[in-house]
There are 2 protein chains.
Amino acid sequence: MSADAEPAPVSAKPPVTLREVAAAAGVSVATASKALNGQGRMTAETRERIREVAQRLGFRPNHLAQSLLRKRSFTVGLLTNDTYGRFSLPLMAGVSDALVDNGVSVFLCNVEDDMRLGQLHVEAMLDKRVDGIIATGKRIDRHLPIDLSNLRIPVVYAFTQPDPGAVGLVSDDAGGARLAVEHFLRLGRRRIAHVTGPAGFAVVHTRAEAYREMLEEHGLPVGEPLLGAWSEAWGHDAVARLFGNGRGREGWPDAVFCGNDQIARGVIDALRERGIRVPDDVGVIGFDNWEIVAEATRPPLTSVDMNLASLGREAGLALLSLVGGQPAAPGIRKLPCRLVVRQSCGRPPGG
Amino acid sequence: MSADAEPAPVSAKPPVTLREVAAAAGVSVATASKALNGQGRMTAETRERIREVAQRLGFRPNHLAQSLLRKRSFTVGLLTNDTYGRFSLPLMAGVSDALVDNGVSVFLCNVEDDMRLGQLHVEAMLDKRVDGIIATGKRIDRHLPIDLSNLRIPVVYAFTQPDPGAVGLVSDDAGGARLAVEHFLRLGRRRIAHVTGPAGFAVVHTRAEAYREMLEEHGLPVGEPLLGAWSEAWGHDAVARLFGNGRGREGWPDAVFCGNDQIARGVIDALRERGIRVPDDVGVIGFDNWEIVAEATRPPLTSVDMNLASLGREAGLALLSLVGGQPAAPGIRKLPCRLVVRQSCGRPPGG
DNA sequence: GCGATCTGGGAAAAGGTTTTCTCAAAAGGG
DNA sequence: CCCTTTTGAGAAAACCTTTTCCCAGATCGC
């Protein structure tokens, strides 16, 4: 039992090459290549024999060599500045999902909000000859801190502000807001408040506008949307304003549509602390469908899901077709949201 | 103003090659290569001239060609099954941080818990000739559903169960638990309870054991750790048990060490609902330092941080040295945690 | 039986870079 | 002034695969 019985000379012998396969099969590399790729003409036996030898030797073609020749690396870069990955991870999963079947791998680069870092990563990608780039961020109305406009390879923007003339995919926030309000209306709620994030975010206005329109269409009173932070604390404050002593109980909302799940959670907690029951007295809907939050609220939160995985899938497919030479219609495409119903709105009357 | 003034024939001319640089500078490719890499012998003027030409033409060496030759792709794969990225994202950031300066890029692959998908991704990586692989997961005591044991390229395991004989990096959970208990002791807390996750997790026992030892060392009463789920709901339940009517107020704990931040949040909320003040009556410490949760609790939660970014950095560096041919000591290396103090424990008496 | 077609398979170039070897010219030594 | 050493730079191989010819032998039609 010597200590160095097998020091595992990690040095691992080099991978087997096509040349070796050809030699073992007694053919030329050209023939071997064609046999394995189903190209060229040869007897079925020859092809099969070569295939078997390759199999036996564990041959795997060297993608680097292939890429060099084909001028396609079957690799794309995903740029994000969403450090916590709340938005970019589902998106990434979708992208990956769309690409893996095509043998395409994804370089993930977090550029924070650092131009230098972004530049560095983009150059690294370019040097590695990625076939294309997907740019994604944590908010729809901001550019990544990188210029991707003259890149010679296709770029798709997902969940971030696209360059003019580029193809961009974002969620349909207005549609999402309508979904939420509709749900409330269907449940018979009539005094619907809206508590959302800071004015600096475009989505705040998009959603608020949609909310307003929906209510007006139905001839319902439109409360002024309450703008604040994307935080639970703001949810608490907002409840203090909406359900404060200023107005009588009959002036209270019977529904609150929140700009994200954290606000919604704050709202729900604050309501509970005031003895106002959710969903019996007030229904609450959040936005983002961040499961970890939505499922921990009491009761679990109904929320608008932006379908980020689908968005990622679409972005991946769009990039793929762009790489394949298909011209894609530039401009921003909005993908629908969906409502994930949990228990914070109650059942329809008589439902 | 014709619509097709500049249809932007996306066809982008091909990148400039070394051959073109050489031609433009009136030298051979060999000389050009050596000039740009600081190799070979030539007059300073020649070298400078070539450099300038390269600069002017915007030459960037083709990494595919370089990799093919050097047998190093300057690319590594990161495998994870942590869909929400709570653990793998900070880790990834650390890895990336350690590697980017060395020109190494990272393929991120989420293998969920799907063996087939894992196999697929690993083979794709192998085909793309990654220099090494970092395997990471969402819990320390489980293997990824993939066999990486005979891979011919180095593998480093970070925050997941390593193969025997491989190099693995994990957090020092026992140390983290001691940090928490020490903090309580320093603040004069004496009746410290422990509420944690399910028995199926190794860390539950590691931390509970460290907790127990610390208390015994100090001659303090050791409560039986309460095992449950990793959820807020369990935090509520646990409070009901610890602060129920069964025992008198003087039997109540004055500190609760929680197995993660969600449990801690449940505990804090439940205490508040019972009118028990945090931190005045009871101190609470969480685990994971998941900022989004820790900062939203009222009061903000003191929590043990596993330093996952550092772990990632170390993993990246370890892989790098392995790739460079340095033999690394196999086995599991534990990296220290740190305590992030917020406001859920109060100040030291007289502090 | 002879020219035309077909068939199976190979040689070689291409892709972009690095590195080793080679070689001519210049410099140096005696 | 001749021989050796140094210097500057180029030719070519190598990395691995794909693809475009090309060719020798077989088959076919008449």
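Worth saying up front: this structure is predicted, and the values here are computed from it rather than measured. For the numbers below, each heavy atom of this structure counts, side chains included, while hydrogens, waters and symmetry mates do not. Below, read A as the first sequence line, B as the second, and so on, with proteins coming before strands; counting in each chain starts at 1.
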Asks: Counting N and O atoms only, with roles assigned by atom type, does the side chain of A/K34 sit under 3.5 Å from a partner on the main chain of A/R47, one being a donor and the other an acceptor?
Replies: no
Asks: For A/K34, answer base if it contacts any base atom (sugar-phosphate contacts may also be present), sugar-phosphate if it contacts only those atoms, and nothing otherwise; contact means non-hydrogen atoms under 4.0 Å.
Replies: base
Asks: Quick check for you: name the first and last nucleotides of DNA chain D, 5' to 3', having an atom under 4.0 Å from a heavy atom of chain A.
Replies: D/dC15 to D/dT20
Asks: Extract, from 5' to 3' on DNA chain C, the first and final nucleotides lying under 4.0 angstrom from some heavy atom of chain B.
Replies: C/dG16 to C/dT20
Asks: What pairs with A/S171 under side chain to side chain donor-acceptor pair (under 3.5 Å), at least two apart in sequence or on another chain?
Replies: A/D173
Asks: Who are the side chain to side chain donor-acceptor pair (under 3.5 Å) partners of B/R70, not counting sequence neighbours?
Replies: none
Asks: Do any pairs count as a salt bridge (Lys or Arg N to Asp or Glu O under 4.0 Å) and have a residue in residues 316-332 of chain A, sequence neighbours left out, and if so which ones?
Replies: none
Asks: Using the test salt bridge (Lys or Arg N to Asp or Glu O under 4.0 Å), find all partners of A/R72 that sit at least two apart in sequence or belong to another chain.
Replies: A/D131
Asks: Taking the nucleotide of DNA chain D with the nearest heavy atom to each, does B/G26 or B/R129 sit closer to the 5' end?
Replies: B/G26
Asks: Run A/N110 and A/H121 through side chain to side chain donor-acceptor pair (under 3.5 Å) and show every step you take.
Replies: CA-CA 9 Å; A/N110 187 341; A/H121 272 130; over 6 Å; no
Asks: Is there a donor-acceptor contact under 3.5 Å from the side chain of B/S105 to the main chain of B/V76?
Replies: no
Asks: Check step by step if salt bridge (Lys or Arg N to Asp or Glu O under 4.0 Å) holds for B/D113 and B/R142.
Replies: CA-CA 11 Å; B/D113 278 308; B/R142 283 281 189 278; over 6 Å; no
Asks: Five pairs per end, C1' atoms only: what is the angle between the end axes of the helix from C/dG1-D/dC30 to C/dG30-D/dC1, to 10 degrees?
Replies: 50°
Asks: Can you check whether B/A318's main-chain N or O pairs, donor with acceptor, with B/S321's side chain at less than 3.5 Å?
Replies: yes
Asks: With the threshold set at under 4.0 Å for non-hydrogen atoms, list the residues of residues 36-48 of chain B touching DNA chain D in residue-number order.
Replies: B/R41, B/M42, B/T43, B/T46
Asks: Search all heavy atoms of A/A24 against all heavy atoms of A/V53 and return the closest pair with its distance.
Replies: CB-CG1, 3.6 Å
Asks: Can a donor-acceptor pair be found, under 3.5 Å and without considering hydrogens, that links the side chain of A/R49 to the backbone of A/A25?
Replies: yes
Asks: Taking salt bridge (Lys or Arg N to Asp or Glu O under 4.0 Å) as the definition, give me every residue that meets it alongside A/R86, ordered by chain and number, with sequence neighbours left out.
Replies: A/D288
Asks: If only atom types and distance count, is the side chain of A/T46 paired as donor or acceptor with the main-chain N or O of A/A44 below 3.5 Å?
Replies: no
Asks: Have a look at B/T17 and say if it touches a base, only the backbone sugar-phosphate, or nothing, with a 4.0 Å heavy-atom cut-off.
Replies: sugar-phosphate
Asks: Looking at DNA chain C, which of residues 54-70 of chain A put a heavy atom within less than 4.0 Å of it?
Replies: A/A65, A/L68, A/L69
Asks: Taking only residues at least two apart or on different chains, which pairs with a member in residues 310-320 of chain A satisfy side chain to side chain donor-acceptor pair (under 3.5 Å)?
Replies: A/D97-A/R313, A/E314-A/R333
Asks: What residues form a salt bridge (Lys or Arg N to Asp or Glu O under 4.0 Å) with B/D147, not counting sequence neighbours?
Replies: none
